[in-house]
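To start, the structure under review is shown below, and the notes come after it.
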Amino acid sequence: MTTDLEERLAAKSKEVRVLQQVSSEINSTLNLEEIFGIVLRTMDELFGFHHSMILLLDASGETLSVAASRGYEGQPAGARVAVGTGLVGVVAKKRQLMRLGNLGRQRAYMSTIREQMEQAGRGSELGESPALPGLSDVESQIGIPLLIKDTLIGVFFVESVEQRVFSEGDEALITVVANQAASAIHNAKLYRAEAERRSELAEAHERLKQLNETLEDRVRERTLELYQTNRELRETQAQLLQSAKMAALGDLAAGVAHEINTPLGSIHSNADVSKRVAAVVRKALTDEALAPVFSKHPRLEQALEALEQATATTLVASDRIVRIVKSLGNFARLDEAERKKADLHEGIESTLTLLQYKLKHGIEVIRDFGEIPPMVCSPNRLNQVFMNLLVNSIQAIGERGTITIRTRLDGDHVVLQFADTGHGIPSENLERIFDPGFTTRGPGVGTGLGLAITYRIVEEHRGAIEVSSELGKGSEFTIRLPIRE
Amino acid sequence: METTPLPDEIKPVMENGVPADVVSCSAGGIPNTTIISQVYYVDRERVALSFQFFNKTVKNVRENPNACVLLNDPNGCATWILQVRYEHSETEGPVFDRMDMQIEAIASATGMTGIFKLKAADIYRVYSVRKVTFKPESTDQN
């Protein structure tokens, strides 16, 4: 009797130790797989349940899935059981612990009933036996619902191929472990859900951050595009304006040239006649036969000298007018195709001729021209470039100074440099001088389009323009143009 | 007729010993033997038998309430013989629910849902309990 009591006491002590251990282990982790392992191992050690599994209720509430198992071979994790089917399904449905025993004999009994029904012609009423996870030759089963308050989260299920007798004490102990397991599983699932939620939030935050960065980049790109579009628009407007002005100038030049050429021809022709007449008269003056006549009229000699001087002046002046009219025509190139092979020096000279009235006496123009071949270009467009640069230089110099024009060949590029000794450009303006509308001459004085048009024309020729300047000393614009298109 | 209390050791036999044999007798003295799937321990003086298919037993015990139940103990190599007397039938309540739950579990696992189901839990009072033990024959040749 004492020995029996001692054995029972020892068994109870062991149960308490195992329960304390399982409680401690379960509560020390939030990892679901670890919790499953602890529970299944404990059931094996405490009760000798070698075959056990934990099934969790799916989100639909209609099926349970095997989340973990112990003692089985070839049992697929994730196998499903419908609520209401088999011991597991009925435990889930009724939310009560349930045991089944002597299942081998039960199966034989059910088989007998099936045979009797088939013999009675009621075979069609019979259904197929569902495939359930677990042992095929099982004798004893017990299922315990895993509940959090009144909410089912799963079923703990054990079975044996042997006849097992479960005492009320066994049931109580299994229930204690199952309740602890349910609580731990619930907490772990909450923790996992929270971790997943945090992870999703972090991912969403990261996506938002990337979107913001992308958005900033896109805004920057769009702003740059808008800036460039705006710049192009202003350049186009400037070009249109300039083209209109050039067209008007061309018309005017053509009209003026036409109107001037006819009277100019008369003037030049008449001056030439006058020159030859004066020469005839001068020759007559040397004739001895006429000497007494001229000596009687001394003013005749003075008149002849005046005629000679006037004629010479008229011829010089008419020659100059001829050059100016020709330069006007050259500058506008009204009678020529848009692109052609042209001599850039000729364009520079024509521009200088037209600007002669502005150059005055105090501004010296130094031509440091190198050997450059004629190149295919838009001569009238390049003449605009020369005009803009030279006008700027003249304005920067004011009364006295020097404009140096250098040309040279650099590989397959022509280099043109326009340097002046003007007041120079402040460094803070250097980056903006090619921007359309940028001017330092004040409203109503400058349009701010000259250098923008210059930049655009050089770009059209696939060339480049650079500027260097020193305040108080002058500026230098360097243009590089490829010889071949 | 005096009742006999059921011993604790019969509880696991009821759990594991089913199906059980039930013998009843009509008012005219014609006996009937059948098998039932559930013998449920209600309390120390009563058991519940599952009423599923067998109208003959139901008819007999309503005419003659005395019956006999044979439970085989697969672990103990014994048969328990209970003399019982039919009292009433229950179609709801904790005893019915408990038995129904077990039958539903077995039926659903064997494709017998809708066929193998509990119609009623028939409550019987126990008048005698007898355990017949079978002593295995020795195989020792010496």
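These values consider heavy atoms only, across backbone and side chains, with no hydrogens, waters or symmetry-generated copies.
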Would you please name every residue forming a side chain to side chain contact (heavy atoms under 4.5 Å, CB included) with Glu33(A), sequence neighbours left out?
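Checked Glu33(A) against side chain to side chain contact (heavy atoms under 4.5 Å, CB included); matches are Asn31(A), Arg192(A).
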Going by atom type alone, with no hydrogens or angles, which donor-acceptor pairs under 3.5 Å involve a side-chain atom of residues 84-94 of chain A and a protein atom two or more places apart or on another chain?
residue: Lys93(A); atom: NZ; partner: Glu104(B); partner atom: OE2; Å: 2.7

Check each atom of Gln96(A) against the heavy atoms of chain B and say whether the ones under 4.5 Å are side chain, backbone, both or neither.
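Gln96(A) touches chain B through backbone and side-chain heavy atoms alike.
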Evaluate Asp43(B) against Arg46(B) for salt bridge (Lys or Arg N to Asp or Glu O under 4.0 Å), listing each step before the verdict.
CA-CA 5 Å; Asp43(B) 52 38; Arg46(B) 293 180 300 166; 2.9 Å; yes
For chain B, which residues of residues 148-157 of chain A have at least one non-hydrogen atom nearer than 4.5 Å to it?
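Within residues 148-157 of chain A, near chain B: nothing under 4.5 Å.
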Would you please name every residue forming a ring-ring contact (aromatic ring centres under 6.0 Å, His included) with Tyr124(B), sequence neighbours left out?
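Residues passing ring-ring contact (aromatic ring centres under 6.0 Å, His included) with Tyr124(B): Tyr86(B).
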Charged N to carboxylate O below 4.0 Å: is that the case for Arg122(A) and Glu118(A)?
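Salt bridge: no.
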Drop me the distance from Lys119(B)'s NZ to Ile103(B)'s CD1, to the nearest 0.5 angstrom.
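So the NZ of Lys119(B) and the CD1 of Ile103(B) are separated by 11.5 Å.
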